[in-house]
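Every chain is numbered from 1 and lettered A, B, ... according to where its sequence line falls, protein lines coming before strand lines.
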Amino acid sequence: MTEAATPAATTAPFSPQEIAAEGIKPDEYAEIVRRLGRHPNKAELGMFGVMWSEHCCYKNSRPLLAQFPTEGDRILVGPGENAGVVDFGDGLRVAFKIESHNHPSAVEPFQGAATGVGGILRDIFTMGARPLAVLNSLRFGSLEDARTRRLFSSVVAGIAHYGNCVGVPTVGGEVYFDPAYGSNPLVNAMAIGLMETPDIVKSGATGLGNPVLYVGSTTGRDGMGGASFASAELSDESIDDRPAVQVGDPFLEKSLIEACLEAFNTGAVVAAQDMGAAGITCSTAEMAAKGGVGIELDLDKIPVRETGMVPYEFLLSESQERMLFVATAGREQELIDIFHRWGLQAVVAGTVIAEPIVRILHQGDVAAEVPALALSDDTPIYHRELLAEPPDYARHAWAWSESALPPCDAAGLEDMNWTAVLLHLLDTPTIASKRWVYRQYDHQVQNNTVLLPGGADAAVVRLRSQQATPPVAPATCKTGIAATVDCNPRYVYLHPYEGAKMAVAEAARNLSCVGAEPLAVTDNLNFGSPEKPIGYWQLAEACRGLAEACREFRTPVTGGNVSLYNETVDSAGVPQPIYPTPVVGMVGRVADVTQVVGQGWQQAGDRLYLLGSLTDVTLGGSEYLASVHQTIAGMPPIVNFELEQRVQAVCREGIRRGWVRSAHDCAEGGLAVAIAESAISGERGADIYLPANGGQRWDTLLFGEGGARIVVSVTPEQTPAWDAYLMEQLGNRWQALGTVGTAAMPLRVLASDQTVLLDATMAELHHAWAGAIARRMMS
Amino acid sequence: MKFGVLVFPGSNCDRDAAMVTRDLLGQPTRMVWHEESDLADLDVVIVPGGFSYGDYLRCGAIARFSPALRATLDHAQRGGLVLGICNGFQVLTEAGLLPGALMRNRDLHFVCDRVHLRVERTTLPWTQAYQPGERITLPIAHGEGCYFADADMLKQINDREQVVFRYAAADGSLTDDANPNGSVEHIAGLCNTRGNVLGMMPHPERAADPMLGSIDGLRLFEGVLAAWAGAAPR
């Protein structure tokens, strides 16, 4: 049937351009008409446009997300609510989730990043949890590019602005720089909160006749249609979409946190939903659909910040710092008083009704009336065809082998010795110290930050209730939460399935390196267009890898975010997708926060060990290959689940028993960079001995990358017990590396025949690593 | 000794301060909502860190008009102890309880770090637990901590020995690198002429819990307690 033949299309009150402008495809429009039994009006069309965007309804990714494991002993709330909730024991319940704000940050980096933080915080306190930490996962182009430097500094400033003001510490994160993200940076924020209410606050509306309260800030025309905007490719014209970027007010959000938690503790709030993407449309539809009821909302009651707004604008506004509550009938005034005391808006704007529809009233008329399920649950799904064979780019990359590299020997490459290579790698912004970034974030407010940023493989925050009566003695709060965000996108680009598995493995490894037991995952899938065969292949393969790895590590996925269409259409009309970037946010339980370890070596004389294999590494997809040889190729490291879990368990147990005094995983830059970072962090040199290279290239041994590898230091008195434990647990899959030196000693790596492979003073290492980003930002 | 911690809508270090006085030191502590005006029951008023009322106009510019801050002025007038930390320091300078002003940091970035301080005066109740010239380490976290006073005011401040803390290198020297925000004469904290009001950009309450590492800041609170115990009628 052709389009012209459908009655819907022939009589549509909108031009195809108007329909497309809402992000709705012709087939979807026909489906809307079928469901309503009539044509939608402008307001309704806008509602469907945002609710059926990928951002809100996951129409491309839902079938793929279905394979994630979501259940476990400690999972109290899985996907589907505003955030996942995990049981940390002793009554401690932790809410956490990650969310992206990529498109807004590309066109308005400061506010885009700031409101990204604001949005994820609301997801947390909407559940009844007080936000206790934020982490960020960021991707930018090359810092040699002035535009990237502006994006980077504005995003960091935006995150700092919001997080610092709202009083939630930004305790960790990761930043990668690669030309693949040149005009499409990624800004993912993960927030963690500790439940303060006896019951977890859910979002399903219940109780016919219960009042619906609008609380928080006023509604304006800002952020119109942000969800649709976020679900399309960026182009040269995207800058014209700046009105789709919201403006945040962290001061209001701080007051909103306090007022909401106070309100939830009255017991008068039946359900709550934050107004994020698609604002009033999304919150009413989701609350109604989840509760199996309807909501009638009167726009005339909504507090506004500008005049003359039409229903379409009310419904699609993404003004920040707003929430929708369903309250117990008769107790609305009690809640309103709390919000007024905090200087916030609070009005009864609607009612829970039996008919399962969202009915919007405006100036006495029905402005929109749509079945709630049609908007939020029963949304379109696209099952796309997966490529039968891996695409050419991947197969071509896999064909690469080390034989393509120039020759090398124990001294180095022809034109660069290994010390110079190490210093070069330490100076690459992806590997270098991120102090320039985290120094701008308040990472200590709330007085619970156990490990400061930069000093360990994961952030650790003490779980201490701010609300308990009587107050808890801080010394009794031993349980902590460790958190990390990870993804090596080059691995995922080269092999989406293996790369995604490795992202999970690395997250678990980072938690293990501070002594934490991995518990649960929130994921942020940042990909290109799923409508293209390669884009969909990357997404599908990565999801398969994530699902498998999360099952292996028994870390269920409790929710997350999908950000597709991360592509830049250049002036010539050619789309440039980002690297597929499935960011894994993982949380773990620390039984005793006084027992955690960082990555820095603690004392001269401590013995160094590599847990895992010295030789099972590859230069495929490595930072060395990319930044020294300008080659993006090869098969990235393959995850060995059995070894990975053993190595991680050994590391955790070593920390628990007090044997291990520092631990650092070998990631980008391989063993050489890992030991250099531990040396810099601990401000001590070392002599490291590598056994004969057994025919492997020296660069592979030094800079090759692989999973299941952790460098630890152990006090000499404990080494007999430790060695025996290693033999028992790992067999021969570990290696004694050498001994920690003094602050005055250099870091040296020697071959077994005493040939010096690497020799750098602490000052040289520190200079290369510590100032790499600041130097580029000043250029 | 009874502590009160002011709470403006944008305060965010109020609970941290109370954690120290109430949970770590076991002293009666109450939160003082910004609309309150009776502080008669308090011995020490803490104006905590944060962004009072959002601070969109200028740090502390609105907070100084609040009833709780007017009551704090009366409290100080009566000789009561007042401690302004970070945003609290900004509020106290805005309110005229302390001289000078705090401006955007030298490099225009917010800065969160641990810095060395040289204790310049130990004859105050606030600092009697420290040794003269002692170097301590405290956290900082601010975007507008660059202290400024003009030459005349500086002379007066120095003549009256009002400077309590200066940013310094580990060896106590006043190098440029050791000054995180460009403060004039490295001033990190200062008191009024009477010595009962102290304002400081560093956060002593963030270096008070042994579980989190440093306790250099705890000694400030312990010093106040000891001074009060010595001064209070038995």
Side-chain angles (χ1 to χ4, degrees), chain A residues 130 153 156-157 159-161 163-170 249-259 341-344 435-436 438-453 461-462 464 466-468 470-478 480 592-594 774 777-778, chain B residues 7-26 29 31 33-35 48-56 59 62 86-87 105 107-115 138-144 180 202-214 217:
Chain A
R130 177 177 293 278
S153 65
V156 171
I159 291 169
H161 165 68
N164 296 349
C165 187
V166 83
V168 180
T170 302
D249 182 345
F251 163 64
L252 267 179
E253 179 113 330
K254 171 67 165 78
S255 299
L256 191 59
I257 294 174
E258 302 296 344
R341 197 159 62 79
W342 284 98
L344 297 166
R435 183 169 179 265
W436 189 90
Y438 62 72
R439 203 165 178 254
Q440 296 185 50
Y441 303 150
D442 189 336
H443 42 255
Q444 289 187 285
V445 63
Q446 295 194 14
N447 253 349
N448 289 317
T449 308
V450 175
L451 287 173
L452 298 170
V461 178
R462 171 174 65 183
R464 179 175 60 91
Q466 307 258 9
Q467 194 63 24
V472 291
T476 63
C477 302
K478 295 235 162 155
D592 182 351
V593 293
T594 63
M777 293 310 286
M778 283 186 294
Chain B
V7 182
F8 302 106
S11 298
N12 62 31
C13 303
D14 46 335
R15 290 186 176 85
D16 300 359
M19 181 199 108
V20 175
T21 60
R22 181 193 62 208
D23 304 340
L24 290 174
L25 294 171
T29 301
M31 310 311 278
W33 186 240
H34 64 119
E35 288 165 342
F51 293 74
S52 55
Y53 303 97
D55 281 345
Y56 291 116
C59 295
I62 295 178
C86 199
N87 185 229
N105 293 347
D107 69 359
L108 307 182
H109 290 307
F110 188 98
V111 54
C112 178
D113 211 336
R114 275 58 53 198
V115 296
L138 291 182
I140 54 168
H142 57 249
E144 305 188 19
H203 285 272
E205 83 281 17
R206 293 188 185 183
D209 186 346
M211 223 166 161
L212 302 178
S214 166

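Checked by atom type and distance alone, the side chain of B/Asp107 pairs as donor or acceptor with a backbone atom of B/His109 at under 3.5 Å. Between the side chain of B/Asp14 and the backbone N or O of B/Phe8, no donor-acceptor pair lies under 3.5 Å.
For A/Val472, the part lying under 4.5 angstrom from a heavy atom of chain B is the backbone only. The contact between A/Leu452 and chain B is made entirely by side chain atoms (from C-beta outward), counting heavy-atom distances below 4.5 Å. For a residue to count as touching a neighbouring chain, one of its non-hydrogen atoms must lie under 4.5 Å from one of that chain's; by this rule A/Val445 touches chain B with backbone and side chain alike. Residue contact with chain B, scored on non-hydrogen atoms closer than 4.5 Å, is absent for A/Pro470. Residue contact with chain A, scored on non-hydrogen atoms closer than 4.5 Å, involves the side chain of B/Asp209 exclusively.
Between B/Trp33 and A/Trp342, the ring planes lie perpendicular to each other; the angle is over 60°, past the 30° to 60° tilted range.
For the options B/Asp16, B/Asp23, B/Val20, heavy-atom pairs under 4.5 Å to chain A are most numerous at B/Asp16. For the options B/Arg22, B/His142, B/Glu35, heavy-atom pairs under 4.5 Å to chain A are most numerous at B/Arg22. Interface remark: of the candidates A/Thr449, A/Val168, A/Asp249, A/Asp249 forms the most heavy-atom pairs closer than 4.5 Å to chain B. Ranked by non-hydrogen atom pairs under 4.5 Å with chain B, the options A/Arg464, A/Lys254, A/His443, A/Gln446 are led by A/His443. Of the listed residues (B/Pro139, B/Cys13, B/Gly49), the one with the most heavy-atom contacts under 4.5 Å to chain A is B/Pro139. Between chain B and the options A/Arg130, A/His161, A/Arg435, A/Lys478, the largest number of non-hydrogen pairs under 4.5 Å is found for A/Arg130.
Looking at A/Glu258 and B/Arg15, a side-chain N of the basic residue comes within less than 4.0 Å of a carboxylate O on the acidic one, giving a salt bridge.
Expressed to the nearest 0.5 Å, how far OG1 of A/Thr170 lies from CG of A/Asn164 amounts to 6.5 Å. For the atom pair OG (B/Ser52) and CZ (A/Phe251), the distance works out to 8.5 Å, reported to the nearest 0.5 Å.
Counting heavy atoms from C-beta on, the side chains of A/Ile257 and A/Val166 come closer than 4.5 Å. B/Phe110 places none of its side-chain heavy atoms less than 4.5 Å from the side chain of A/Arg439.
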